[in-house]
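Below is one structure, written out as structure tokens; the observations come after it.
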Amino acid sequence: MDVFGTSLLIVGAEGLLVDRTINERIQAARRERPSAETVDLSPAEIADGRLAEVVGGSLFAESSIVVLRDLTALPPDQADLLVATAVHPGDDLCLTMAHPGGVKGKALLDRLGKGRVARVSVESVKPWDMPQFVVAEGRRRKMRIDMATATALVDAVGADLYALSAAVSQLASDWPGDTLTPDVVNRYFSGRSEVSGFAVADAVMAGQSQQALGLLRWALEAGTGPLLITSALAGALRNQGRYLDLAAQRLSKGEIASVLKVWPKKVDAIAAQSRVWTADRVAEAIGAVARADAEVKGAGTDPGYALEHLVLGLRLTLE
């Protein structure tokens, strides 16, 4: 089914599942038209009135994929523009909108409903359904997890879906094909306080944004300082930038390891990550980390929010 010329409204507050629904639609649009431009607006950008900029002018002269992450942030004076665009998106627009549900913005949802805009509801996962979610996450990664083991994982990690998804991903990587038991889970996650900024940085650099977000929340809960996370990200980005420069000079792995002062095996990991990074992307990301670093040092009010915004922003840098 063609996704261009259509609009989709996603309603639900379960961030991981909403993100997956959005990403699936973005990927479908890119398969349909690989050259399409993607414009992904955060709640802050929506609140700043970016919608008018995005849907105005000649943006839709070519195919565009537009994502609005939270319609509750939409300024009231732009509601008419959004409804008109959503009801008649045009053949070259793939529009995806997300709303967390609830009372705020309900009038806008009703207007979109009356305009027959397609809608999907993303239901929150109830606490008693968390083990089933873990079992399903295991299947996504071709890994068998029984209910007893899934329950042990929920007990160890908690009920945050991003953290649970990241934990399953880690287990799938470290125990490929092996049988998991509650004892393995308990031993593995007994050291959760050791999760550090380096684990977050590795996931970001590999382009695994959902895993990075889960690890970030996990690290903060375990007491990792926000500055350690920004420091790890900055260091990883500097290494990637230097690697790209050294690789362009055709230096050997041993020579690169010597310059970067890392083990040769680490060079392999940086080289694998370089498939999704360019010099321009590294420079842009370093700027974003510097801004987040200033926020966690006092320029902002919520270090956790600043870091989550950073991780999500770095994901967009790689798209």
Query raised in the report: Taking the side chain from Gln240 and the backbone from Val282, do they hold a donor-acceptor pair closer than 3.5 Å?
Result: no

Query raised in the report: Do Val11 and Val120 touch side chain to side chain, with heavy atoms closer than 4.5 Å?
Result: no

Query raised in the report: Does Leu16 belong to the same Ile/Leu/Val/Met/Phe/Trp/Tyr cluster as Val18, with side-chain heavy atoms less than 4.5 Å apart forming each link?
Result: yes

Report summary line: Nearest heavy-atom contact between Glu308 and Leu213 is CG-CD1, 3.8 Å

**Report entry** Heavy-atom closest contact (Gln211 atom, Ser169 atom, distance)
**Finding:** OE1-OG, 3.2 Å

Query raised in the report: CD of Gln210 to CG of Leu215: how many Å apart, nearest 0.5 Å?
Result: 12.0 Å

Report task. Return the minimal non-hydrogen interatomic distance between Ile145 and Ala150, and the atom names on each side. Result -> CG2-N, 3.7 Å

Query raised in the report: Do Glu255 side-chain atoms and Ser252 backbone N/O form a donor-acceptor pair below 3.5 Å?
Result: yes

Query raised in the report: Charged N to carboxylate O under 4.0 angstrom, Arg69 versus Asp19?
Result: yes

**Report entry** Verdict with reasoning, Leu51 to Ile46, per side chain to side chain contact (heavy atoms under 4.5 Å, CB included)
**Finding:** CA-CA 6 Å; Leu51 175 66; Ile46 296 171; 5.7 Å; no

Query raised in the report: Is Asp110 salt-bridged to Lys106, cutoff N-O under 4.0 Å?
Result: yes

Query raised in the report: Looking at side-chain heavy atoms only, is the closest gap between Glu284 and Asp280 below 4.5 Å?
Result: no

Query raised in the report: Atom CG of Leu68 and atom CD of Glu45: how far apart are they, to the nearest 0.5 Å?
Result: 10.5 Å

Requested in this report: Measure the CD-SG distance between Glu32 and Cys94 for me, rounded to the nearest 0.5 Å.
Outcome: 8.0 Å

Query raised in the report: Is it true that a side-chain atom of Ser7 and a backbone atom of Ala86 form a donor plus acceptor pair closer than 3.5 Å?
Result: yes

Query raised in the report: Does some side-chain heavy atom of Thr96 sit less than 4.5 Å from a side-chain heavy atom of Val66?
Result: no

Query raised in the report: Hey, does the side chain of Glu137 reach the backbone of Leu164 with a donor-acceptor pair shorter than 3.5 angstrom?
Result: no

Query - Chi angles and distances behind the side chain to side chain contact (heavy atoms under 4.5 Å, CB included) call for Arg25, Thr21 - result: CA-CA 6 Å; Arg25 186 163 161 87; Thr21 305; over 6 Å; no

Query raised in the report: Can you check whether Met147's main-chain N or O pairs, donor with acceptor, with Thr151's side chain at less than 3.5 Å?
Result: yes

**Report entry** Arg275 side-chain N/O to Ala206 backbone N/O, donor-acceptor pair under 3.5 Å
**Finding:** no

Report summary line: Distance col, row Leu8:CG vs Arg119:CZ, nearest 0.5 angstrom, shows 11.0 Å

Query raised in the report: Do any N or O atoms from the side chain of Asp48 and from the backbone of Arg50 form a donor-acceptor pair under 3.5 angstrom?
Result: no

**Report entry** Residue pair Ile65 / Arg30: nearest heavy atoms and the distance that separates them
**Finding:** CD1-CG, 3.8 Å

Residues 287-300, side-chain donor-acceptor partners within the protein, below 3.5 Å, at least two apart:
{"from": "Asp293", "atom 1": "OD1", "to": "Thr230", "atom 2": "OG1", "distance (Å)": "2.8"}
{"from": "Asp293", "atom 1": "OD2", "to": "Lys297", "atom 2": "NZ", "distance (Å)": "2.8"}

Query - Cluster link Val135 to Leu171, ILVMFWY, side chain under 4.5 Å - result: no

Report summary line: Of all heavy-atom pairs linking Leu161 and Leu17, the shortest is CD1-CG, 4.2 Å

Requested in this report: Working to the nearest 0.5 Å, report the span between CZ of Arg242 and CD1 of Ile270.
Outcome: 9.5 Å

Report task. Please step through side chain to side chain contact (heavy atoms under 4.5 Å, CB included) for the pair Leu71 and Leu112, ending with a clear verdict. Result -> CA-CA 11 Å; Leu71 292 186; Leu112 292 170; 4.0 Å; yes

Query raised in the report: Taking all atoms of both residues into account, what is the closest heavy-atom pair of Phe4 and Ser64, and its distance?
Result: CE2-O, 3.5 Å

Report task. Determine, stepwise, if the pair Ile22 / Ile10 fulfils side chain to side chain contact (heavy atoms under 4.5 Å, CB included). Result -> CA-CA 8 Å; Ile22 290 173; Ile10 304 166; 3.6 Å; yes

Query raised in the report: Under 3.5 Å, is there a donor-acceptor pair between the Asn23 and Gln27 side chains?
Result: no

Report task. Determine whether Leu180 and Met143 make a side-chain contact, defined as any pair of heavy atoms from C-beta on separated by less than 4.5 Å. Result -> yes

Query raised in the report: Considering only heavy atoms from C-beta outward, does the side chain of Leu41 approach that of Val39 to under 4.5 Å?
Result: yes

**Report entry** Spacing of Glu14 atom CD and Phe133 atom CZ [to the nearest 0.5 Å]
**Finding:** 7.5 Å

Report task. Spell out, as yes or no, whether a donor-acceptor pair under 3.5 Å connects the side chain of Arg140 to the backbone of Ser165. Result -> no

Query raised in the report: For Gly304, does its backbone N or O pair with a side-chain atom of Asp302 as donor and acceptor, under 3.5 Å?
Result: yes

Query raised in the report: Any side-chain heavy atom of Thr149 within less than 4.5 Å of one from Leu153?
Result: no

Query raised in the report: Can you tell me if Asp183 and Thr181 form a side-chain donor-acceptor pair at under 3.5 Å?
Result: no

**Report entry** Any Val204 side-chain heavy atom under 4.5 Å of Leu237 side chain
**Finding:** no

Requested in this report: Tell me whether Leu233 is reachable from Tyr305 by hopping between hydrophobic residues (I, L, V, M, F, W, Y) whose side-chain heavy atoms are closer than 4.5 Å.
Outcome: no

Query raised in the report: Are the side chains of Leu82 and Gln78 in touch, meaning some heavy atoms are under 4.5 Å apart?
Result: no

